[in-house]
Enquirer: 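Below you will find the structure I want to go over with you.
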Amino acid sequence: MTTRAFRTAIIGAGPSGFYAADALLKNLESVSVDLFDRLPTPFGLVRYGVAPDHQKIKSVTRLYERTAKDERFRFLGNVEFGKDLSHEDIRHHYDAVIYTVGASADRSLGISGENLAGSTSATEFVAWYNGHPDYTEAFSEVSAKQVAVIGMGNVAVDVTRILAKSVDELKETDIADHALEVLKNSQVEDIYMLGRRGPAQGKFTTKELRELGELLNADIVVDPAEMEVDDVSMKSIEGDVIANKNVEVLTAFAEQPLSGKPRRVHIKFLSSPTEILGEDRVEAIVLEKNRLEPTDSGYINAVGTGETKTLPVQMVLRSVGYRGVALPGVPFDERRGVIPNKDGAVLDAPNGEPVQGEYVAGWIKRGPSGVIGTNKADAMATVEVLLKDFENATLAADDAKTPEAVTALLEERDVNFITFEHWLELDKYELGLGETQGRPRVKLTNIQEMLERIRG
Ligand code: NAP
């Protein structure tokens, strides 16, 4: 018998990681939580995913800072799972582990021309303009006059809005300096947001959609003919407040006259990309007109009619969803792009047996859906399962399972780990730089520079 604290490692310091830590700290007195991240900076998609002109959403980090103040909690940044610490190391030093690594890859369209220069994922574009250290050089220019954004989710709306805004609007945000520099010379005139289904099947939330109609630098264009929503679609969204509001907002957009703003945002429905054309770079996209067909399950499918048209565009951003990436030594469901699990308890294979002591929360548990707050209930549910599993367990007296043993191992391996106190110094530095420029923050985007700043 031992009285030592229950040791938990959480891998991935985004919203789900912080919510899982918070749930553990609130529900178990004798616990110690180490939250790891591959990057020196905490907060995951709040820092590298949320759009720079959506500062309010980012204020959620204040809650995470509160969690980080708990003396039973440690943030260990700049530590890569599978490289600096292996799966075996984690199992050796902790009683349980929760994976909260999100879904960092993107889904592809599987059409010809997708790999031409000028065709990339919105995920990459988002990571670039948000200053993710891995993507600082992803875009050296935005010379396209016409851009196609494939998808009708909130990510598609985000990239469309950032492309539509003027540099004067963007320079008031915490957009990465390198992105501001490139977007200063942006040639964009027309952005086509293309959905394979109809207005009733948009995945965006109404607040985000509405913003597209209020842009200072771009007119909104919706073809009134595409707003004739069929009866089956209308019936399918009965009681769905968001979908009904979306249809209402889109209908108003279709009536909004052009006012001669420098850019235009076109929202087009029932269009599936079938091919991207170009010699060395993107020159056009072929779109097939779809019709909607309800299935027995109630899902409304897009079915190609065979009628195609070619739209001249010089840049394509596919925004058709994120996808999880496998972690070394951890089971993975290739088909769904998640860690196989039952209610957050990791399984050795899809529908397989539980892996004792391993859990999962957030996008890598359920797939890339919901808003930041959705991850709170999700992480709490996982922690509930974890606590139930360990309710009557007797912890072995194990000297290896101490907070000091982990940091000693990292030091032995020359891993330059970052604590939350280090991050707070960096945070203060970035906020200070922002203040001098009348911006919320100026982000450091180079890991070496971050480490030097911390040491300095
Ligand atoms: P999403 O909401 O799942 O949207 C993906 C879009 O891609 C859908 O419109 C989907 O159409 C379309 N699509 C998928 N495969 C396609 C294909 N082969 N061809 C054409 N279109 C295809 O994903 P997301 O936009 O990446 O967002 C991920 C999550 O983050 C969402 O829950 C989102 O709300 C959230 N998020 C929130 C905010 C915010 O709150 N401000 C900002 C960004 C992201 P179908 O419907 O036809 O499948």
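Small disclaimer: the values here were computed from a predicted structure and weren't measured. Just follow the structure's listing: the first ligand is 1, and inside any ligand the first atom is 1.
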Enquirer: Examine the proximity of ligand 1 to Val157 and report which part, side chain or backbone, both or neither, has a heavy atom under 4.0 Å away.
Expert: neither
Enquirer: Side chains of Gln146 and His266: is there a donor and an acceptor less than 3.5 Å apart?
Expert: no
Enquirer: Answer yes or no for Pro368: is there a heavy-atom contact with ligand 1 below 4.0 Å?
Expert: yes
Enquirer: Can a side-chain donor-acceptor contact be found between Arg196 and Asn301 if the only test is distance below 3.5 angstrom?
Expert: no
Enquirer: Does a donor on one side chain sit under 3.5 Å from an acceptor on the other, for Tyr19 and Thr100?
Expert: no
Enquirer: Just which atoms of ligand 1 are under 4.0 Å from any heavy atom in Ser369?
Expert: 32 (O)
Enquirer: Looking only at distances, can you tell me whether any N or O atom of Thr205, backbone or side chain, sits closer than 3.5 Å to an N or O atom of ligand 1?
Expert: no
Enquirer: If you measure from each heavy atom of Ser319 to ligand 1, is any distance below 4.0 Å?
Expert: yes
Enquirer: Does the side chain of Asp53 come under 3.5 Å of the side chain of Thr173 through a donor N or O and an acceptor N or O?
Expert: no
Enquirer: Where does Val320 meet ligand 1, judged by heavy-atom distances below 4.0 Å: at the side chain, the backbone, both, or neither?
Expert: both
Enquirer: To check your reading of the model: name the closest protein heavy atom to atom 23 (O) of ligand 1, its residue, and the distance in Å.
Expert: Gly321 CA, 4.2 Å
Enquirer: Check the side chains of Thr205 and Asn154 for a donor-acceptor pair under 3.5 angstrom, ignoring hydrogens and angles.
Expert: yes
Enquirer: Please report whether ligand 1 has a polar contact with Val371, defined as an N or O pair separated by less than 3.5 Å (distance criterion only).
Expert: no
Enquirer: For ligand 1, which atoms have a heavy atom of Asp158 less than 4.0 angstrom away?
Expert: 42 (C), 43 (C)
Enquirer: For a quick test of your reading: what N or O donor-acceptor pairs under 3.5 Å do the side chains of residues 211-219 make, sequence neighbours left out?
Expert:
from: Glu211; atom 1: OE1; to: His54; atom 2: NE2; distance (Å): 2.8
from: Glu211; atom 1: OE2; to: His54; atom 2: NE2; distance (Å): 3.1
from: Asn217; atom 1: ND2; to: Ala164; atom 2: O; distance (Å): 3.0
from: Asp219; atom 1: OD1; to: Ser259; atom 2: N; distance (Å): 3.2
from: Asp219; atom 1: OD1; to: Ser259; atom 2: OG; distance (Å): 2.8
from: Asp219; atom 1: OD2; to: Ser259; atom 2: N; distance (Å): 2.9
from: Asp219; atom 1: OD2; to: Gly260; atom 2: N; distance (Å): 3.0
from: Asp219; atom 1: OD2; to: Lys261; atom 2: N; distance (Å): 3.1

Enquirer: Quick one: do the Thr382 and Lys365 side chains pair a donor with an acceptor below 3.5 Å?
Expert: yes
Enquirer: Please list, in number order, the atoms of ligand 1 under 4.0 Å from a heavy atom of Tyr322.
Expert: 26 (O)
Enquirer: For ligand 1, does Ile372 get within less than 4.0 Å through its side chain, its backbone, both, or neither, judged by non-hydrogen atoms?
Expert: neither
Enquirer: Residues in side chain to side chain contact (heavy atoms under 4.5 Å, CB included) with Val442, at least two apart?
Expert: Asp177, Leu433, Gln437, Arg439
Enquirer: Please confirm whether Leu109 comes under 4.0 Å of ligand 1, counting heavy atoms of the residue only.
Expert: yes
Enquirer: Provide, to 0.1 Å, the distance between atom 48 (O) of ligand 1 and the closest protein heavy atom, together with that atom's residue and name.
Expert: Arg196 NH2, 2.7 Å
